[in-house]
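Naming: A, B, ... by sequence-line order, numbering from 1 per chain. Heavy-atom basis, side chains included; hydrogens, waters and symmetry copies ignored.
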Protein chains: 2
Amino acid sequence: MPPIFSVDPRSGIPIYLQLIEQVKRAVALGTLDSGEQLPTVKALALDLTVNPNTVARAYRELERDRVIETSPGRGSFVRADGSPSVVKRAVTDVAASALSDAVRECRSLGCDAPAIRTLLEGALERWFPGENS
Amino acid sequence: MPPIFSVDPRSGIPIYLQLIEQVKRAVALGTLDSGEQLPTVKALALDLTVNPNTVARAYRELERDRVIETSPGRGSFVRADGSPSVVKRAVTDVAASALSDAVRECRSLGCDAPAIRTLLEGALERWFPGENS
DNA sequence: GCTATTGTACTAGTGTAGTAGTTCATTAGC
DNA sequence: GCTAATGAACTACTACACTAGTACAATAGC
C-alpha cells in the first residue's frame, strides 16, 4: 500500500509538526475515520526513515489535542468518544487558536476590528481564489 | 524623561521581538511621528540594560520592514518617504501577513472560507469584547 | 504464563536562535 | 582634518528545540 503520510526532513518544518498537521488534516477531511487505527509508531518510523521518538512525539501531541487515543500494546486510534464531531471539533479548535493569535497580533499593531475583517477578506481571496462571500 | 520602551527578559518572548512590536505599535498609533528619531542603539541598550546588538537587531528588522530608516553616524528615524501613510501601510502589511498565515493553517486543517469567517468573529469577540459589527 | 507487539522513558548528539562582549566603519559637527 | 557620536560587524557563549539511539514497561493473543 502507498504510504499514508510523507515528510520532508529538509523543509525546515520539524518532522513531528508535519506529521501532526497531516493527521489532523486527514481527520478533518474524513480520510481517517473515527476509531480507525493509525500506523504504529515503529512501523511509521521505519516507513519514513525517522526515529520512533519523532513519531511518538507527534502522536503524543495529537493525544494531548484530543485527536487520537493511544495506549501501549494496542496502538493509536482516531478518537471516537461519543459524537463523531468531537474529533473535528478538536481540529477546529486548533484552527481557531491560530486565528485568535493572529487577531491578537493585529490588535497589538493598532488594527481595529473592521480593519481586521478587511485584512481577512484579502487573505481568504489569496488562499481561496475565486470564492466570493 | 521616562523610558519610551520597556522589555521583560523573563517573558520568554525574545527581547528584540518585544522591541519590534512596541515600535510598530507606537508608529501605528501615532505615538511616534514620521521622521521622528528613535533612541540611539547604545542609549536604548544602556537604558534597558541589554546588549547593543539586541537593539541593533530590532532596528535592522524594522528597517527591513520599511518602518524606520537608519544610517551610521546619524541614527534611526521613523520612515517618512512621501506619504505619511506609507509607514502605517508597512505595519498593516505585517498584520495582513499574520492573518494570511493563520488562514493558510486553517485551510490546511480542512476549514473552508465560511468556517474561517465564523472563527474570526469568535476571535474578534475575544480580543475586542462588546464590539458587534 | 509466554511471547510478540505496542507505546514510553532515558540519554545524548546536533543545530540554531538569542544574547552578550568587543571592535570597526561611517557620519555629523566644529 | 579632528573628534565624538552613531550604527555595523565579528566572535563567542548559552539555552533550547529537534532528532536519534537504545532500553524499558504495558498490553494483546495464544
Side-chain angles (χ1 to χ4, degrees), chain A residues 1 3-23 32 35-80 101, chain B residues 1 3-23 32 35-80 101:
Chain A
M1 70 190 85
I4 306 181
F5 306 117
S6 64
V7 293
D8 179 12
R10 301 167 307 172
S11 69
I13 302 173
I15 297 172
Y16 79 101
L17 286 182
Q18 295 182 46
L19 272 177
I20 289 174
E21 176 165 326
Q22 288 187 39
V23 172
L32 283 175
E36 190 169 347
Q37 180 168 16
L38 293 166
T40 69
V41 167
K42 287 175 181 172
L44 187 53
L46 199 65
D47 186 25
L48 301 176
T49 59
V50 298
N51 195 272
N53 273 318
T54 303
V55 178
R57 176 168 185 180
Y59 282 11
R60 200 182 321 132
E61 299 213 6
L62 284 167
E63 182 164 32
R64 183 177 54 78
D65 287 345
R66 304 274 175 178
V67 175
I68 68 175
E69 284 176 317
T70 178
S71 59
R74 290 181 55 246
S76 297
F77 303 84
V78 177
R79 203 176 177 89
D101 289 347
Chain B
M1 70 190 85
I4 306 180
F5 306 118
S6 63
V7 293
D8 178 13
R10 302 167 304 172
S11 69
I13 302 172
I15 297 173
Y16 79 100
L17 287 182
Q18 296 181 47
L19 272 177
I20 289 173
E21 176 164 328
Q22 288 186 41
V23 172
L32 283 174
E36 191 169 346
Q37 180 168 15
L38 293 166
T40 69
V41 167
K42 286 175 182 173
L44 187 52
L46 199 66
D47 185 25
L48 301 175
T49 60
V50 297
N51 195 273
N53 274 318
T54 304
V55 178
R57 175 167 187 182
Y59 282 11
R60 201 183 320 133
E61 300 214 4
L62 284 166
E63 182 164 32
R64 182 177 55 79
D65 287 345
R66 304 274 176 177
V67 175
I68 68 175
E69 284 175 317
T70 178
S71 59
R74 291 181 55 247
S76 297
F77 303 83
V78 177
R79 202 175 177 90
D101 289 346

> What are the two closest non-hydrogen atoms of Tyr59(B) and Leu38(B), and how far apart are they?
Replying inline: OH-CB, 3.6 Å

> Counting distance only, does the side-chain N/O of Asn51(A) pair as donor-acceptor with the main-chain N or O of Asn53(A) below 3.5 Å?
Replying inline: yes

>> Using a 4.0 Å heavy-atom cut-off to protein, can you give one letter per nucleotide of nucleotides 4-21 of chain C, 5' to 3': B if the base is in contact, S if only the sugar-phosphate is, - if neither?
In response: --BBSBB-------SBBB

> Between Tyr16(B) and Arg57(B), what is the shortest heavy-atom contact and its length?
Replying inline: OH-NH2, 3.3 Å

> First and last nucleotide of DNA chain D touching chain B, 5' to 3', heavy-atom cut-off 4.0 Å?
Replying inline: dT6(D) to dC10(D)

>> Taking Arg64(B) first and then Glu61(B), would you say they form a salt bridge - that is, a charged N and a carboxylate O separated by under 4.0 Å?
In response: yes

> Within a strict 4.5 Å, meaning less than it, do heavy atoms of the Leu44(A) and Leu19(A) side chains meet?
Replying inline: yes

> Nearest heavy-atom pair of Ser76(B) and Ile68(B): which atoms, and what distance?
Replying inline: CB-CD1, 4.4 Å

>> Which heavy atom of Gln18(A) sits nearest to which heavy atom of Val7(A), and what is that distance?
In response: OE1-CA, 3.4 Å

